[in-house]
Amino acid sequence: ESARISESTGETLRGFGEISKGEAGATKGLGDNLQLLLEGRRSRSNGSSVLAQDGSMGRLGGAKLAKASSQAGPRNNNRFGDEFVPGAGAPQAGEEQQASFFTKVYGWMSLGLGFSAVASWGMIASGAAVALAATPALVIGLIVVELALVFGLMLALPKISAGTAAGLFFAYAALNGITLAPVLLLYTAGSVVAALAVSAGMFAGMATLGTFIKKDLSGIGGIAIMALWGVILASIVNWFMRSAGLDLLLTYASVLIFVALTAYDAQRIKQMARGGAGDKAAVVGALTLYLDFVNLFLNLLKLLGKRKN
């Protein structure tokens, strides 16, 4: 989970970097979220949110929710939410209970994306996104609050109610939408919509595959998580190297990683449903899929997006 958040944050920072130095031809920001925010290039990798310069720091944010490989049946290797994945031989929940769990996970994920979209649109329509991009200190402060929300949710999950957990997730999603607004300003509306449509199609396809495929995707998930951390480390290095070629390579790698993680997470959520997981697990699943989608979108936007003059 941490890896995904880092990747997403990096992309945002990178986007900010692009805004600040957009006139100079796309300077690299502080990280996916930080980079996009501070340097005007807010597209992160994995959450992925820094443009590598556009891309290097962005991948830091993407590291938001790194996942370890699952064990048999899938009980995973000490990853956020693993306590909700039943072990082999555990009794299965009824079909109605499973359907209710899926509805909550994908419904809450969709609401989270909706909060992000409304927050970004409000920032752009009001002109606040431009003001935010010009205030690095405020951007950093918002990102700190954003990270505090999501990591606070992870740490407090055993002690808080499902309603409180969902509220923290929605607050995080809304704040993430605010910090991503300056990044979206770098691209034409048509290219943002196109990247969003492609992301939605890829996400839906891989989530469907992960839900219905019989093959255990634990091995693929473990490899994808390790690769994500590698991308994050390489992005940090590229923050100093400022290699456009490496940034492009890392962006393509990030797309492949989040495509794989989407299928892996969808299978993991199916296993939670079969194990009779409750509302807290549904919040975990919604947050995980939300991060997968956002990181996938930010990296595709870097590849497909048309920048404004």
Side-chain angles (χ1 to χ4, degrees), residues 1-12 32-33 44 46-49 61-68 70 76 78-85 101-119 143 145-180 199 203 206-207 210-211 221 224-225 228 257-258 261-273 277-298:
E1 292 298 327
S2 312
R4 293 191 179 147
I5 293 170
S6 305
E7 174 81 12
S8 178
T9 301
E11 283 296 329
T12 300
D32 274 18
N33 269 342
R44 273 189 236 214
N46 232 350
S48 262
S49 302
K64 282 182 175 183
L65 293 176
K67 305 182 171 180
S70 315
N76 306 307
N78 301 316
R79 290 173 45 237
F80 180 50
D82 284 352
E83 63 270 31
F84 300 115
V85 180
F101 183 79
F102 277 117
T103 299
K104 289 175 182 177
V105 170
Y106 286 94
W108 287 346
M109 174 219 167
S110 298
L111 278 176
L113 291 173
F115 277 115
S116 295
V118 170
I143 291 176
V145 173
E146 187 178 331
L147 293 174
L149 274 174
V150 72
F151 284 110
L153 167 60
M154 288 188 268
L155 293 174
L157 192 62
K159 301 178 181 179
I160 61 178
S161 67
T164 299
L168 289 173
F169 165 53
F170 294 142
Y172 166 75
L175 188 55
N176 197 39
I178 290 174
T179 58
L180 284 174
S199 300
F203 179 89
M206 297 311 295
T211 300
I225 292 168
L228 176 57
I257 288 170
F258 282 103
L261 285 176
T262 296
Y264 168 61
D265 289 331
Q267 185 178 77
R268 192 161 167 259
I269 287 168
K270 178 180 69 175
Q271 293 158 355
M272 290 181 184
D279 289 351
K280 284 187 183 181
V283 174
V284 172
L287 173 60
T288 300
L289 292 178
Y290 169 89
L291 290 170
D292 287 340
F293 184 89
V294 170
N295 281 308
L296 180 61
F297 166 67
L298 288 172

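Quantities reported herein were computed from a predicted structural model and do not represent experimental measurements.
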Shortest non-hydrogen contact from [X] toward [Y]:
X      : Y      : value
Ile257 : Ala224 : CG2-O, 3.6 Å
Ala266 : Leu289 : N-CD2, 4.4 Å
Ala174 : Ala119 : O-CB, 3.3 Å
Ala286 : Trp108 : CB-CB, 3.8 Å
Tyr106 : Ala207 : OH-CB, 4.1 Å
Lys159 : Lys280 : N-NZ, 4.2 Å

Quick one: pull up [atom1] in [X] and [atom2] in [Y] and give me the separation to the nearest 0.5 Å.
X      : Y      : atom1 : atom2 : result
Thr288 : Leu261 : OG1   : CG    : 10.0 Å
Thr211 : Arg268 : OG1   : CZ    : 13.5 Å
Asn176 : Phe169 : CG    : CZ    : 10.0 Å
Glu146 : Ile178 : CD    : CD1   : 9.0 Å
Phe101 : Lys270 : CZ    : NZ    : 13.0 Å
Ile269 : Met109 : CD1   : CE    : 9.0 Å

Verify side-chain contact (heavy atoms from CB on, under 4.5 Å) between Val283 and Leu168, making sure each step is shown before the conclusion.
-> CA-CA 10 Å; Val283 174; Leu168 289 173; over 6 Å; no
Anything under 30° is parallel, anything over 60° is perpendicular, the rest tilted; go ahead and classify Phe170 against Phe115.
-> tilted
Between Val294 and Leu180, does a side-chain contact (heavy atoms from CB on, under 4.5 Å) hold up when you go through it step by step?
-> CA-CA 10 Å; Val294 170; Leu180 284 174; 4.2 Å; yes
I would like to know whether Thr262 and Phe293 meet side-chain contact (heavy atoms from CB on, under 4.5 Å); could you show each step before the answer?
-> CA-CA 8 Å; Thr262 296; Phe293 184 89; over 6 Å; no
Side-chain contact test, heavy atoms from C-beta onward, threshold under 4.5 Å: evaluate it for Leu291 versus Tyr172 and give yes or no.
-> yes
Check the pair Asp292 / Leu296 against side-chain contact (heavy atoms from CB on, under 4.5 Å), numbers first and verdict last.
-> CA-CA 6 Å; Asp292 287 340; Leu296 180 61; over 6 Å; no
Expected output: side-chain Lys104 to main-chain Asp279 donor-acceptor under 3.5 Å = no
